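Worksheet: the structure to be examined is printed underneath.
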2 protein chains.
Amino acid sequence: MSQNGVGVDLDKSLGYLLKEASSALRAAMEEVLRPLGMSVTHYSCLELLAQRPGLSNSELARGAFVTRQTMNVLLHALERDGYVTRPAEAPVGKVLPTRLTPRGRRSLEKATVAVRSVEVRMLAGMTETEQSDAFRILRSMIHSLRDGNDGA
Amino acid sequence: MSQNGVGVDLDKSLGYLLKEASSALRAAMEEVLRPLGMSVTHYSCLELLAQRPGLSNSELARGAFVTRQTMNVLLHALERDGYVTRPAEAPVGKVLPTRLTPRGRRSLEKATVAVRSVEVRMLAGMTETEQSDAFRILRSMIHSLRDGNDGA
DNA sequence: TAATCTATGTCAGAATGCTGACATGAGTCA
DNA sequence: TGACTCATGTCAGCATTCTGACATAGATTA
């Protein structure tokens, strides 16, 4: 492992490590979701709707960490394939509350099993203390990064 | 914040939190790199070359968590714009060792300052202990996720 | 009430990254 | 030596996501 003192030493950069972990997580999730014909964003959307029925397109987008436009495309596909339903007209304002269909719920159930296996694997090598540390530390990182986004 | 007991509870999912942190980091880096006309992958490539001169296209791709093909496109652009150089013929095998030009090095210097500010911000809210915990825990997560990728 | 601001859904075009495929060079092993 | 395996660089086509833009609905404020 060669390295010199210049710049941000990648071996010691928390940002690089975070990116590496995220990349590994994404790969693991894609691997278990592929046999189900489902992408990570696809799964995220369904999971969000299961836990908070009636979310709008924009809310789903924020929850899945993509743009409104991207989520909009996905939602239309999911609606076309019968996984979700949206009212033809907005009950209030422009917001179209989205809900899972029975088919969407069934599809999600299989995916949830697959994804949970990844989550379990990730937690496996950690003690109880490390697990709660992980939550606290990740939350701290998110908070620090968000603060500077529009603050300073 | 509503939620029920079904499925993977996102509020308590380490995977979701990891994705959130990674998303925040990416946004923060894009924000500071945009004024320099540089993308995250672009910066990653230059930083890798600064620390390990002579890396091949494939090695750079693995280091930046993209495919060979993606890195290949980027390298050609960087070479065209005079940030890196690659020999016309492979000294050995097919591997074309890549190196930063003085221009590439100058460009990287500015980016490094910007990126370091993000890294500092991320570490700011954490104690010394938490910082070393963060490294250990992230490494543990990466290891666990990788193991299962082709193993079990 | 009227003006302004903010958030939403949506369309269009562009950028980015990926999968599939191919030829080639190097290492392995019979 | 020859067959096999593996990694590399590269081309082409496709998928996903993003940025920019617009009209509209609700909230805020003068």
Side-chain angles (χ1 to χ4, degrees), chain A residues 19 22-24 26-31 33-35 37-45 48-49 52 54-81 84-99 150, chain B residues 19 22-24 26-31 33-35 37-45 48-49 52 54-81 84-99 150:
Chain A
K19 191 172 173 183
S22 171
S23 170
R26 183 166 200 88
M29 287 188 65
E30 281 173 350
E31 190 183 7
L33 287 174
R34 183 160 326 169
M38 207 179 284
S39 74
V40 174
T41 307
H42 184 140
Y43 160 75
S44 299
C45 177
L48 282 162
L49 284 173
R52 305 203 255 279
L55 282 187
S56 71
N57 175 45
S58 289
E59 291 168 322
L60 286 168
R62 281 190 292 268
F65 311 109
V66 296
T67 61
R68 283 175 296 162
Q69 295 88 330
T70 297
M71 183 55 73
N72 193 32
V73 172
L74 175 59
L75 273 187
H76 278 291
L78 290 178
E79 190 175 16
R80 167 174 51 82
D81 298 342
V84 306
T85 55
R86 311 181 78 188
E89 295 210 349
V92 54
K94 303 183 69 179
V95 177
L96 299 174
T98 311
R99 294 184 176 276
D150 50 347
Chain B
K19 191 172 172 181
S22 170
S23 170
R26 182 166 200 86
M29 285 188 66
E30 281 172 350
E31 190 184 7
L33 287 174
R34 183 160 323 159
M38 209 180 283
S39 74
V40 175
T41 307
H42 184 139
Y43 160 76
S44 300
C45 178
L48 282 163
L49 284 175
R52 305 202 255 280
L55 281 187
S56 71
N57 175 46
S58 290
E59 290 169 322
L60 286 168
R62 281 191 291 269
F65 310 109
V66 295
T67 61
R68 282 175 295 160
Q69 295 89 330
T70 297
M71 182 56 72
N72 193 33
V73 171
L74 175 60
L75 273 187
H76 278 291
L78 291 177
E79 190 175 16
R80 167 175 51 83
D81 298 342
V84 306
T85 54
R86 309 181 79 190
E89 295 210 348
V92 54
K94 302 184 68 178
V95 177
L96 298 174
T98 311
R99 295 183 175 276
D150 49 347

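Throughout, protein chains are lettered first and strands after them, A, B, ... in sequence-line order, and every chain is numbered starting at 1. Because the structure is a prediction, the values reported are computed rather than measured.
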Identify, with sequence neighbours excluded, every residue that meets side chain to side chain contact (heavy atoms under 4.5 Å, CB included) alongside Q69(B).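 Result, side chain to side chain contact (heavy atoms under 4.5 Å, CB included) vs Q69(B): T67(B).
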Got a sec, which pairs hit side-chain hydrogen bond (donor to acceptor under 3.5 Å, both in side chains) with one end in residues 90-99 of chain A, sequence neighbours left out?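 For residues 90-99 of chain A: R86(A)-T98(A).
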Pick one: which of L48(A), V66(A), V84(A) meets side-chain contact (heavy atoms from CB on, under 4.5 Å) with L60(A)? L48(A)
Give every donor-acceptor pair under 3.5 Å between a side-chain atom in residues 71-78 of chain B and any protein atom, sequence neighbours left out.
residue	atom	partner	partner atom	Å
N72(B)	OD1	H76(B)	NE2	3.4

Between P91(B) and P97(B), what is the shortest heavy-atom contact and its length? CD-CD, 3.8 Å
Considering all heavy atoms of both residues, which atom of E59(A) and which atom of S56(A) are nearest to each other, and what is their separation?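 Closest heavy-atom pair between E59(A) and S56(A): OE1-N, 2.9 Å.
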Which letter, B, S or -, goes with each nucleotide of nucleotides 9-17 of chain C from 5' to 3', with contact meaning a protein heavy atom under 4.0 Å? BBB-----S
Does any non-hydrogen side-chain atom of S44(A) lie less than 4.5 Å from one of K19(B)?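 Result yes, sub-4.5 Å side-chain heavy-atom pair found.
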Is N57(B) close to L96(B) at the side-chain level, that is, under 4.5 Å between some pair of heavy atoms? no
Using nucleotides 1-4 of chain C, report all nitrogen or oxygen pairs with the protein that are shorter than 3.5 Å.
none

Determine to 10° how strongly the helix from dT1(C)-dA30(D) to dA30(C)-dT1(D) is bent, judged from the axes of its five-pair ends.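 Angle reported: 40°, given to the nearest ten degrees.
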How many angstroms lie between OG in S39(B) and CZ in R26(B), if you round to the nearest 0.5 Å? 8.0 Å
Spacing between K19(B) atom NZ and dT17(D) atom C1', to the nearest angstrom: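 Those two atoms, NZ and C1', are 12 Å apart.
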